[in-house]
Amino acid sequence: MNSLPDVATSDLERVGAELLARDRFLLTAHEGPDGDALGSLLGMHHLLTQLGKDSVMFLAAKEFPLPIEYRFLPLEEVFHEAPADMADRTIVFLDCGNVDRMPVDFLTEGENIRINIDHHHDNTRFADFNVVDVDASCTAEIVYDLALLLGVSISREMAAALYVGLITDTGKFMYENTNAHTHRVAADLIDAGVNVDDTYRRLYEHVPIEKLRLISRALDGIASHCDGRLVISYITAADYEVTGAGEEMTEGVIDHLRSIDGTKVAAVIRDLGNRGRAARKVSLRSSEGDVDVSAIARLHGGGGHKRAAGFSTDLTYEELVAFISGEVAAQLDP
């Protein structure tokens with residue numbers, strides 16, 4: 001087994017002690033959950049179950065259907081409402097940089113003890129107990145470290161969930177957040193039973209034709225700003241209607257924009273319809289790290305990483321183009 005990193009070990013120990021001391025938990029992750037949020041959620045559920053704890057998972061009904069990439073994950077037991085004994089449960093937030101990323105009243109207004117497990121550098125440490133390891137490649141890696149700390153055996157099911165978080169948040173081990181510990185964790189998860197080929201195919205090769213049509217329209221609509229250093233695409237409600245795709249099929253579109261030669265920042269603006277609190281969602285990626293896109297996202301209540309962030313907004317497309325262009329220019333040409 002892989003040894004624990006030195007970073008945040010004391011926080012890991014405090015959170016580990018709380019997990020051992022309490023019996024009932026409700027687990028949740030940020031709205032619009034990605035692979036790390038879902039993998040960490042499911043992985044933590046398996047961890048607590050192995051410890052003999054009463055664990056339930058919660059995601060709002062509006063999050064379903066999930067993006068096509070993640071529908072193979074066994075999340076049939078996820079709650080969409082508060083359980084009857086909610087007052088007795090400790091709430092564990094996973095991959096959630098701030099409490100506003102999960103805007104559900106019963107999660108924030110009660111007297112419940114809250115635990116925050118995350119790796120975002122701009123995490124607000126909003127909970128009673130926080131383990132925020134900014135050197136971890138993903139939240140799933142921290143859940144793995146907790147399992148190691150608590151002596152929990154990594155089951156095949158837990159390994160499969162955590163591996164999804166690992167592979168997606170590192171961009172298939174290509175992003176700069178990938179380090180030696182990340183690869184050692186991956187090796188342990190594979191030893192525990194992860195089917196690497198099957199996981200990769202489910203995440204990246206089971207693509208419906210509707211999604212490809214949506215990607216085609218998104219790429220056809222690319223606009224260049226800031227002397228080619230910023231590229232933006234806008235996915236509209238009309239695009240969904242014409243292609244037959246759903247908003248949940250936009251996952252991964254931004255990676256095509258980020259790969260354009262000369263691009264410093266890529267942005268995808270997409271209409272949300274009835275799936276979100278706001279009219280639009282903005283995803284931002286910094287291709288070379290020259291721009292801190294999380295700082296841009298925070299200006300509109302969002303957040304994320306320096307090179308990957310997002311926010312929700314009611315601003316129009318034209319207003320968003322002006323805002324993003326101005327902020328990118330301000331960082332590149334101070």
Side-chain angles (χ1 to χ4, degrees), residues 30-36 67 69 97 100-101 120-122 168-169 171 174-177 211 214-240 243 245-273 275-334:
H30 61 76
E31 64 178 344
D34 57 10
D36 190 22
E69 293 85 353
D100 294 333
R101 295 291 310 279
H120 293 91
H121 76 284
D122 59 353
T168 55
D169 241 35
M174 292 189 297
Y175 297 162
E176 66 177 357
N177 59 346
K211 176 169 180 171
L214 185 68
I215 291 173
S216 175
R217 287 179 68 91
L219 297 182
D220 190 51
I222 289 174
S224 179
H225 304 271
C226 299
D227 298 322
R229 296 175 295 177
L230 167 66
V231 293
I232 300 177
S233 183
Y234 181 28
I235 301 175
T236 68
D239 291 326
Y240 302 136
T243 61
E247 189 272 331
E248 73 279 2
M249 293 186 186
T250 59
E251 184 86 3
V253 171
I254 198 166
D255 295 323
H256 294 278
L257 275 67
R258 179 169 49 186
S259 67
I260 297 172
D261 187 37
T263 298
K264 298 289 187 179
V265 175
V268 171
I269 302 167
R270 64 183 189 269
D271 288 343
L272 291 177
R275 284 178 60 91
R277 293 176 291 158
R280 286 165 200 90
K281 172 78 175 181
V282 180
S283 297
L284 301 167
R285 299 290 185 273
S286 178
S287 60
E288 298 178 4
D290 296 334
V291 176
D292 180 356
V293 292
S294 70
I296 298 174
R298 284 197 299 274
L299 294 174
H300 280 283
H305 304 286
K306 291 182 179 180
R307 295 180 65 168
F311 63 94
S312 299
T313 180
D314 287 325
L315 291 179
T316 66
Y317 171 71
E318 291 76 15
E319 290 170 331
L320 283 168
V321 169
F323 164 69
I324 298 169
S325 298
E327 293 301 321
V328 169
Q331 289 197 41
L332 290 175
D333 305 309

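All heavy atoms count here, side chains included; hydrogens, waters and symmetry mates do not.
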Requested in this report: Please name the pair of heavy atoms, one in Ala266 and one in Leu257, separated by the smallest distance, quoted to 0.1 Å.
Outcome: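 So the two residues come closest at CB-CB, 3.7 Å.
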When rounded to the nearest 0.5 angstrom, what distance separates [atom1] in [X] from [atom2] in [Y]?
{"X": "Thr168", "Y": "Glu251", "atom1": "OG1", "atom2": "CD", "answer": "8.0 Å"}
{"X": "Thr250", "Y": "Ile269", "atom1": "OG1", "atom2": "CD1", "answer": "13.0 Å"}
{"X": "Ile296", "Y": "Glu327", "atom1": "CD1", "atom2": "CD", "answer": "6.0 Å"}
{"X": "Arg285", "Y": "Asp255", "atom1": "CZ", "atom2": "CG", "answer": "6.5 Å"}
{"X": "Leu320", "Y": "Ser325", "atom1": "CG", "atom2": "OG", "answer": "10.0 Å"}
{"X": "Glu247", "Y": "Leu272", "atom1": "CD", "atom2": "CG", "answer": "5.0 Å"}

Backbone of [Y] reached by a side-chain donor or acceptor of [X] within 3.5 Å:
{"X": "Tyr317", "Y": "Thr236", "result": "no"}
{"X": "Asn177", "Y": "Asp169", "result": "yes"}
{"X": "Ser312", "Y": "Ala278", "result": "no"}
{"X": "Ser259", "Y": "His256", "result": "yes"}

**Report entry** Inter- and intrachain pairs under salt bridge (Lys or Arg N to Asp or Glu O under 4.0 Å), touching residues 287-297, at least two apart
**Finding:**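 Passing the test, one end in residues 287-297: Lys264-Glu288, Lys264-Asp290.
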Do any side-chain atoms of residues 216-224 form donor-acceptor pairs under 3.5 angstrom with protein atoms, and if so which ones, sequence neighbours left out?
| unit_1 | atom_1 | unit_2 | atom_2 | d |
| --- | --- | --- | --- | --- |
| Arg217 | NE | Asp239 | OD1 | 2.6 |
| Arg217 | NH2 | Asp239 | OD1 | 2.8 |

Query - Step-by-step side-chain hydrogen bond (donor to acceptor under 3.5 Å, both in side chains) determination, Arg280 to Tyr234 - result: CA-CA 10 Å; Arg280 286 165 200 90; Tyr234 181 28; 3.1 Å; yes
Requested in this report: State, without any angle test, whether Ser283 and Arg270 hold a side-chain donor-acceptor pair at a distance under 3.5 Å.
Outcome: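 There is such a pair between these side chains.
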List in chain and number order the residues that pass salt bridge (Lys or Arg N to Asp or Glu O under 4.0 Å) with [X], two or more places apart in sequence or in another chain; answer none if no residue qualifies.
{"X": "Glu176", "value": "Arg307"}
{"X": "Asp34", "value": "none"}
{"X": "Lys211", "value": "Glu69"}

Requested in this report: Quick one: which residue pairs count as a ring-ring contact (aromatic ring centres under 6.0 Å, His included) with a foot in residues 287-310, not counting sequence neighbours?
Outcome: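 Counting only pairs at least two positions apart or across chains, the ring-ring contact (aromatic ring centres under 6.0 Å, His included) contacts touching residues 287-310 are His119-His305, His120-His305, His300-Phe311, His300-Phe323.
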